[in-house]
Amino acid sequence: EMKNMPYFKKYLSKMRFFIGDIRDLDRLKYAFNNQVDYVIHAAALKHIESGEYNPFEVIKTNILGSQNVIEASLNSGVKKVIALSTDKASSPVNLYGATKLASDKLFVSANNFKGPKKTIFSVVRYGNVMHSRGSVVPLFKKQKNEFGEVFITDANMTRFSINLEQSISFVIQSLQIMSGG
């Protein structure tokens, strides 16, 4: 799928993909292994209901896993690390938002405790990526097909949405211009 996206085409030959878990610090250190210049941290447990029922798992991934990414990056001499966050981390009302806020705070503060190391840490936040996993679009389509209308929680609500290509462009542009924070 990424092969068809213009933003990735020029980078694909330089990218490496590893299967692993950000909860596993040793695997992260192995994956980074002093050969990685940039890290885009996109791992998260983002399912609201199952996260509320399994809070330890969400904390292990979204907070402790983020801490592992920071530590592995510092140990491996990574130049830039950008963490993908969510608008749900702004004034969080559930565990997912709270853990993403905590992760954001870890990444921003990593710039203060890195010492003489040159690694730069930043966070980007955006809202709903249309047609991504967990997108509301399939639900709206189902409601429209079954009931002839779409149900929302509040007539005055707004929803910040971007498409997949816009989100990729935003992350790559942010990676290029980031200075920490």
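Keep in mind that the numbers below use all heavy atoms, side chains included, and drop hydrogens, waters and symmetry copies. Everything numeric here is computed off the predicted structure, so don't read it as measured data.
More than 12 heavy atoms of other residues, nucleotides or ligands lie within 6.0 Å of CZ in Phe140, so this atom counts as buried by the packing criterion. Heavy atoms from other residues, nucleotides or ligands lying under 6.0 Å from CZ of Phe18 number more than 12.
Residue pairs that meet the side-chain hydrogen bond (donor to acceptor under 3.5 Å, both in side chains) test with at least one member in residues 106-121, sequence neighbours left out, do not exist here.
Tyr38 and Ile70 are not part of a single hydrophobic cluster, where members link through side-chain heavy atoms under 4.5 Å apart. Met178 and Ile172 fall within a single hydrophobic cluster, where Ile, Leu, Val, Met, Phe, Trp and Tyr are joined by side-chain heavy atoms under 4.5 Å apart, directly or via other members. With hydrophobic clusters built from ILVMFWY side chains whose heavy atoms lie under 4.5 angstrom apart, Ile82 does not share a cluster with Ile177. Using a 4.5 Å cut-off between side-chain heavy atoms of Ile, Leu, Val, Met, Phe, Trp and Tyr, with links allowed through other members, Leu164 and Ile162 fall into the same hydrophobic cluster. Under the 4.5 Å side-chain contact rule for hydrophobic residues, Val171 and Phe107 do not share a cluster.
The backbone N or O of Gln35 sits nowhere less than 3.5 Å from a side-chain atom of Asn33 that would complete a donor-acceptor pair. In terms of modelled atom types and a separation under 3.5 Å, the side chain of Lys100 and the main chain of Leu84 share a donor-acceptor contact. Listed for the Asn163 side chain is a donor-acceptor partner under 3.5 Å among the backbone atoms of Gln166. In this structure, the side chain of Ser103 does not engage the main chain of Thr99 through any donor-acceptor pair within 3.5 Å. Remark: side-chain polar atoms of Asn62 are not paired, donor with acceptor, to backbone N or O of Tyr96 under 3.5 angstrom.
The two residues Val123 and Asp104 have their closest heavy-atom pair at CG1-OD1, 3.5 Å. Nearest heavy atom pair, residue Gly97 against residue Pro92, reads C-CB, 3.3 Å. Of all heavy-atom pairs spanning Ser179 and Ser122, the tightest one is N-OG, 4.4 Å. Nearest heavy atoms, Phe121 versus Ala110: CD1-CB, 3.5 Å. Pro55 and Glu52 make their closest contact through CD-O, 3.6 Å (heavy atoms, listed as atom of the first residue, atom of the second, distance). Leu101 approaches Arg125 most closely through the heavy-atom pair CD1-NH2, 3.5 Å.
For the pair Gln176 and Lys80, the minimum side-chain heavy-atom distance is 4.5 Å or more. Lys46 has its side chain out of reach of Thr86: every pair of non-hydrogen atoms, C-beta onward, lies at least 4.5 Å apart.
Once rounded to the nearest 0.5 Å, the distance linking CG of Leu95 with CD of Glu57 reads 11.5 Å. The CG atom of Leu28 sits 9.0 Å away from the OG atom of Ser76 when rounded to the nearest 0.5 Å. The line from NE2 of His41 to CD1 of Ile22 is 4.5 Å long, rounded to the nearest 0.5 Å. Distance check: Lys79 NZ to Ile120 CD1 gives 10.5 Å after rounding to the nearest 0.5 Å.
Tested against Leu25, the residues Val69, Asn75, Asn68, Leu64 include a single side-chain contact (heavy atoms from CB on, under 4.5 Å) partner, Asn68.
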Run the side-chain contact (heavy atoms from CB on, under 4.5 Å) check on Phe113 and Leu74 step by step: do they pass? CA-CA 10 Å; Phe113 66 75; Leu74 288 171; 4.1 Å; yes
